[in-house]
Protein chains: 2
Amino acid sequence: MTADQVLTVRGDAELIARAGHLFTGAKHEFVCAARDLNTWSLPSARQSISSKMLAASEVGFAVNKLLSPVALTDEAARLHLRQVMSKGARVRISSTQLPYETIIIDRRVMILAGRDAPVQREFTVTTSPTLVGGVYALFQAAWATATDLAAYFHGDVPHLDADSLTVLRALGAGHTDETAARQLGLSLRTYRRRVAELMAKLEADSRFQAGLRVGELRLNE
Amino acid sequence: MTADQVLTVRGDAELIARAGHLFTGAKHEFVCAARDLNTWSLPSARQSISSKMLAASEVGFAVNKLLSPVALTDEAARLHLRQVMSKGARVRISSTQLPYETIIIDRRVMILAGRDAPVQREFTVTTSPTLVGGVYALFQAAWATATDLAAYFHGDVPHLDADSLTVLRALGAGHTDETAARQLGLSLRTYRRRVAELMAKLEADSRFQAGLRVGELRLNE
DNA sequence: AACGCGATGGCAGCAAACTGCCATCGCCCG
DNA sequence: CGGGCGATGGCAGTTTGCTGCCATCGCGTT
């Protein structure tokens, strides 16, 4: 594969055989966008990255993972995420699905994995500066506004159930409690109870502060 | 170019000659990520898109443009953006730079333009489902959280002077009005007057709604 | 069927927020 | 200096929000 070539392979074995040499020796950065941590593993790259991350004193080596909300759906996944983060990786959660896995190593090599296939998964590998650079820029745009997972684990991002979301939307409309309660078919007392619960979840002492947190964390989407 | 091939060309003329046929006849969607509206124009694709957009009654044809903050730096640029939007395009502003232009047509054809070059600009064109799908997913992730420009132009982003910012920060701390007023060295009446003025600027009918708008629009940064 | 428990709804008392009114102050201009 | 005007501050009346209390209801379990 020449400097500007693009290589398409099918299956893990072919990927390793024809392009494995590109993935070892990551020096500066490993960025990855994926649905969750389980979609795909590339053994040699993972080994290379793991040894880098174990050398915690290594300055300047960044691991940034952009995952979809599916990555947080169960407790085992969240535990795994905590482990990855404790090794120095930074994780952010996108608001969209990310059905394709994209890996960029040292802004030089890019691997794109097709959707999970029943037989052989298709991978595209490239060192084209235009392709790598363009995709990296889009990754950066998505990364910049994705939710930082450290904040989630530090309890800064509350989980809101359907009741809370309903109340939140009513509050966001700016109505009085009486009007909002009537619109939701609740008694005023129940509506206010819901509001108080939402405020507790948001750790907010005033309605302005509550609205601020919702807006900043984009909890109303 | 076969179905899974990737084509790299240099210069506009070569791009048109070898791949121009791919760009005409857009049927459903045109998405573009770029620094601003002036970085690059592809004549045949632009013509095709313009005629689609002029046929305003055409149902289901979407034009989504993700631009960097540079796109808003001067009045001429903003006027141009208004024109593009009046023709039915949706525009959002990313928080990052987007130095590469990425175009995806009907989720089938992708064009990636390299950085502006002194001589011949490099373009990469592909119909590879893995490449197009992967990049499209990243575009979606970035698009989802980018700032909608229609809101900006509809005056939804108020300008806050120093007094309003001071009050806003006090409100964000969650204190009662009495405490906040005392901390700011104002009488309660004046503080409340300031709060009412801020609410009017935010067009908010409740404190929650005001906080929400501040948080969403990142006015407290 | 009876019981327990959590959720709901009505009411009351209180706190917080909203705003009009009017006096006062500070600043600027003639 | 006097007058005008905008901003401030105190007060009062009103509205909205907060929460405890208690009765009732609905659901699940034994």
**Message:** Tell me whether A/R207 contacts the main-chain N or O of B/R207 through its side chain, where contact means a donor paired with an acceptor under 3.5 Å.
**Reply:** no
**Asked** Listed by chain and number, what are the side chain to side chain donor-acceptor pair (under 3.5 Å) partners of A/N64, not counting sequence neighbours?
**Response** A/R90
**Which residues share a side chain to side chain donor-acceptor pair (under 3.5 Å) with A/R193, sequence neighbours left out** = none
**Fill in**
From CG of B/D205 across to C1' of D/dT16 the rounded distance in Å is 14 Å
**Asked** Atom CZ of A/R207 to atom P of D/dT15: distance rounded to whole Å?
**Response** 18 Å
**Asked** Which residues in residues 187-194 of chain B have at least one heavy atom lying under 4.0 Å from any atom of DNA chain C?
**Response** B/R189, B/R192, B/R193
**Request:** Kindly state each residue pair satisfying ring-ring contact (aromatic ring centres under 6.0 Å, His included) with at least one member in residues 164-212 of chain B, sequence neighbours excluded.
**Result:** none
The criterion is side-chain contact (heavy atoms from CB on, under 4.5 Å); which residues satisfy it with [X], sequence neighbours excluded?
| X | answer |
| --- | --- |
| B/S68 | B/R35, B/V70, B/L98 |
| A/A142 | A/L66, B/A141, B/A142 |
| A/R78 | A/L72, A/E75, A/Y152, A/F153 |

**Message:** At 10 degrees resolution, what angle do the end axes of the helix from C/dA1-D/dT30 to C/dG30-D/dC1 form when each is taken over five base pairs?
**Reply:** 30°
**Request:** Any chance you could lay out the side-chain hydrogen bond (donor to acceptor under 3.5 Å, both in side chains) test for B/T96 and A/Q140, step after step, and finish with the verdict?
**Result:** CA-CA 7 Å; B/T96 58; A/Q140 289 284 74; over 6 Å; no
**Message:** Can you list everything that forms a salt bridge (Lys or Arg N to Asp or Glu O under 4.0 Å) with B/R82? Sequence neighbours excluded, please.
**Reply:** none
**Fill in**
For A/D205, the salt bridge (Lys or Arg N to Asp or Glu O under 4.0 Å) test, sequence neighbours excluded, returns none
**Item:** Leading and trailing nucleotides of DNA chain C with any atom under 4.0 Å from heavy atoms of chain A
**Value:** C/dT8 to C/dC11
**Item:** Euclidean distance, A/L171 CG relative to B/Q209 CD, rounded to 0.5 Å
**Value:** 10.0 Å
**Message:** Just to be sure I understand the geometry, which residues of residues 172-185 of chain A put a non-hydrogen atom under 4.0 Å away from DNA chain D?
**Reply:** A/T176, A/D177
**Message:** Just to verify, which of A/R194, A/K201, A/R169 counts as forming a salt bridge (charged side-chain N to carboxylate O under 4.0 Å, His left out) with A/D163?
**Reply:** A/R194
**Request:** Decide if atom CD of A/E197 counts as having more than 12 heavy atoms of other residues, nucleotides or ligands within a radius under 6.0 Å.
**Result:** yes
